[in-house]
Amino acid sequence: MSSLIPPTIFSFLLCFAAIYCTAKNVLPSEEDYYFLFKTFVKKYNKSYINDTAEFNHRFIIFKQNVKKVSTMEVFSDGAQFGITKFSDLTEKEFTEQYLKGLKGKHPLLKSSQQPLNSTTPMQNIRKLKIPPVVDWRKSRAVTKVKNQGSCGACWAFSCVETMESMYAIMKNISAPELSVQEVIDCTGESLGCRGGDTCSTLRWLQQKNQTVVYEPAYPLKDIDESCRPIKKDAPGAQVIESTCDNFVGREEKMLLHLAQNGPLVTAVDASTWSNYQEGIIRYHCETSNNHAVQIVGYNTSGEVPYYIVRNSWGSDFGIAGYLHIAVGSNLCGLAQEVSTLQIKIV
């Protein structure tokens with residue numbers, strides 16, 4: 001053990017975010033919290049200067065978040081929650097910066113007529129004649145994880161990411177990068193970085209025959225800008241068909257699509273994701289959707305089947321930018337507003 005790390009802090013680091021480790025009854029001291037915060041500041045390259053008002057303010061928030069995470073960790077039963085790059089933000093700050101991107105609800109959303117807490121019978125999932133594991137990343141159909149920053153355009157990221165995937169599947173090539181910024185700037189039914197809706201975005205792209213050009217032609221800036229004119233003959237991809245469905249209680253249909261066609265666009269409630277590190281989320285998720293993501297696959301081989309969910313908060317979030325969320329219980333609201341799409345290459 002390094003002499004630079006006192007034994008009490010070392011034990012606490014092993015327990016990580018838990019306030020109380022039942023095996024050794026280890027309780028963190030103020031020194032422990034301070035050491036963790038200093039480590040956090042260095043790891044995530046925060047700009048606070050020691051002992052300034054901002055540093056002390058963020059330290060207080062950090063301690064509160066670590067204490068909160070301990071409760072989640074005890075009852076997670078599979079997922080690991082702990083210190084993340086968001087651990088110096090209050091719940092309000094996290095919401096305002098990262099969960100302002102989903103606005104409205106698609107008027108043509110098909111309802112499942114099921115309560116939001118309805119579960120999909122596991123026998124419906126187990127009897128599906130599909131591979132036990134599907135991961136479109138392994139088929140080169142998923143581009144690198146992007147980072148939306150504080151721009152509330154998750155709706156655009158998830159739609160464009162799925163256009164990229166369908167392009168790759170159609171051509172049997174590595175997924176090309178298409179312009180998220182174009183969709184942020186030009187989609188008529190959105191508010192840019194202030195929010196939008198995935199279903200409405202896909203419908204608008206389809207109705208307008210909008211060509212989404214390649215990323216280098218309209219690079220990502222993660223800010224609101226005026227829509228730049230797109231040449232009629234500009235190469236890229238167009239949405240020619242899209243769906244918008246509620247699959248609460250019918251999640252086997254989501255698995256079927258993932259296996260047979262490709263990734264999905266979906267709205268989610270990401271309110272508790274600020275603390276997520278790894279593992280399968282089975283609890284601590286509500287259904288008041290405020291974010292949008294791409295589902296790139298699933299794994300039903302284990303005791304707890306799960307979706308492979310791609311986020312847009314950078315590769316330093318979660319599992320290299322991804323989360324695993326249990327199948328079957330509309331966890332995080334991910335079965336409530338689900339879209340599929342087909343494209344043509346132009």
Side-chain angles (χ1 to χ4, degrees), residues 106 108-143 158-172 175 198-199 201-203 206 237 239-269 280-282 285 287 289 292-311 322-344:
H106 194 281
L108 300 180
L109 177 64
K110 298 176 184 177
S111 174
S112 71
Q113 305 301 317
Q114 296 284 343
L116 297 183
N117 61 355
S118 297
T119 59
T120 300
M122 194 54 62
Q123 61 265 30
N124 291 2
I125 294 170
R126 295 298 185 189
K127 71 181 182 182
L128 291 173
K129 295 182 179 179
I130 57 175
V133 180
V134 168
D135 185 345
W136 286 102
R137 293 174 295 183
K138 296 180 179 179
S139 300
R140 305 177 299 162
V142 179
T143 54
S158 55
C159 290
V160 173
E161 288 163 357
T162 307
M163 290 181 69
E164 294 169 343
S165 294
M166 299 313 297
Y167 189 121
I169 293 168
M170 178 186 297
K171 297 288 288 183
N172 192 27
T198 52
C199 292
T201 297
L202 293 172
R203 182 179 65 172
Q206 181 179 342
V239 175
I240 58 172
E241 184 178 340
S242 65
T243 65
C244 184
D245 290 283
N246 182 324
F247 289 120
V248 176
R250 303 178 297 151
E251 291 183 41
E252 71 276 4
K253 295 183 179 295
M254 296 171 64
L255 296 174
L256 275 171
H257 182 88
L258 287 165
Q260 298 174 355
N261 302 105
L264 296 165
V265 181
T266 189
V268 293
D269 186 333
I280 305 171
I281 294 178
R282 301 175 65 184
C285 247
T287 55
N289 289 353
V293 294
Q294 182 190 35
I295 303 179
V296 303
Y298 63 80
N299 187 326
T300 62
S301 64
E303 181 180 347
V304 181
Y306 62 85
Y307 297 106
I308 304 168
V309 178
R310 176 191 188 182
N311 203 1
Y322 289 80
L323 308 90
H324 294 162
I325 301 178
V327 170
S329 300
N330 186 33
L331 273 170
C332 306
L334 55 64
Q336 292 169 204
E337 187 173 335
V338 183
S339 290
T340 68
L341 62 93
Q342 297 297 325
I343 68 160
K344 72 174 181 181

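Count residues from 1 along the sequence. As a basis for the values below, the full set of heavy atoms in this structure was taken, side chains included, without hydrogen atoms, waters or symmetry mates.
Using a distance-only test at 3.5 Å, with no hydrogens or angles considered, a donor-acceptor pair links the side chain of R126 to the main chain of T300. Remark: the backbone N or O of G333 is paired with a side-chain donor or acceptor of N289 at under 3.5 angstrom. Judged purely by atom type and a 3.5 angstrom limit, Q342 has no side-chain atom pairing as donor or acceptor with the backbone of I240.
Contact annotation: the side chain of R137 approaches that of I308 to within less than 4.5 Å [non-hydrogen atoms, C-beta and beyond]. The shortest distance between side-chain heavy atoms of T340 and L264 falls below 4.5 Å. Between L255 and Y307, the closest side-chain pair of non-hydrogen atoms falls below 4.5 Å. The side-chain heavy atoms of F247 and T120, taken from C-beta on, include no pair separated by under 4.5 Å. Two residues are said to be in side-chain contact when any heavy atoms from C-beta on lie closer than 4.5 Å; E337 and T266 fail this criterion. Between I125 and V327, the closest side-chain pair of non-hydrogen atoms falls below 4.5 Å. The shortest distance between side-chain heavy atoms of I325 and L334 falls below 4.5 Å. You'll find the side chain of T201 reaches within 4.5 Å of the side chain of C159, heavy atoms only.
Between Y298 and A259, the closest heavy-atom pair is OH-CB, 3.4 Å. Between G328 and E251, the shortest heavy-atom contact is N-OE1, 2.8 Å. In plain terms, the two heavy atoms of A292 and V268 that are nearest each other are N-CG2, 4.4 Å. Contact detail for V133 and S301: the closest heavy-atom pair is CG2-OG, 4.1 Å. Between S242 and R203, the shortest heavy-atom distance links the atoms OG-N, 4.2 Å. C199 approaches S339 most closely through the heavy-atom pair SG-OG, 3.3 Å.
Counted by atom type alone, T119 and S329 present zero donor-acceptor pairs between their side chains at under 3.5 Å. If you check the side chains of R310 and S165, you find no donor sitting under 3.5 Å from an acceptor. Judged purely by distance below 3.5 Å, without hydrogens or angles, the side chains of S158 and Q294 never pair a donor atom with an acceptor atom. Q336 and N330 are linked by a side-chain donor-acceptor pair at a separation below 3.5 angstrom, with hydrogens and angles left out of the test.
Within the model, atoms CG of N261 and CG of L256 stand 9.0 Å from one another, a figure rounded to the nearest 0.5 Å. Here the CG atom belonging to L128 is positioned 6.5 Å from the CD atom belonging to E252, to the nearest 0.5 angstrom. From L341, atom CG reaches atom OG1 of T162 across 6.0 Å, with rounding to the nearest 0.5 Å. Rounded to the nearest 0.5 Å, atoms CH2 (W136) and CD1 (I169) are 4.0 Å apart. To the nearest 0.5 Å, atom CD of residue E241 and atom CD of residue Q206 are 7.0 Å apart. Going from atom CE of M163 over to atom CG of L202 covers 8.5 Å, rounded to the nearest 0.5 Å.
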(message) side chain to side chain contact (heavy atoms under 4.5 Å, CB included), that's the test. Do Y167 and I343 meet it? Break it down for me.
(response) CA-CA 7 Å; Y167 189 121; I343 68 160; 3.6 Å; yes

(message) I'd like to know whether N311 forms a side chain to side chain contact (heavy atoms under 4.5 Å, CB included) with L323, so could you lay out the CA-CA distance, the side-chain angles of the two residues, the decisive distance to 0.1 Å, and finally the verdict.
(response) CA-CA 7 Å; N311 203 1; L323 308 90; 4.0 Å; yes

(message) Please evaluate residues Y322 and V142 with respect to the criterion side chain to side chain contact (heavy atoms under 4.5 Å, CB included), reporting the C-alpha separation (whole Å), side-chain torsions for both, the decisive distance (0.1 Å), and the verdict.
(response) CA-CA 12 Å; Y322 289 80; V142 179; 3.4 Å; yes

(message) Show, in sequence, the C-alpha distance, side-chain angles and deciding distance for R140 and N172, and conclude whether the side chain to side chain contact (heavy atoms under 4.5 Å, CB included) test is met.
(response) CA-CA 8 Å; R140 305 177 299 162; N172 192 27; 4.2 Å; yes

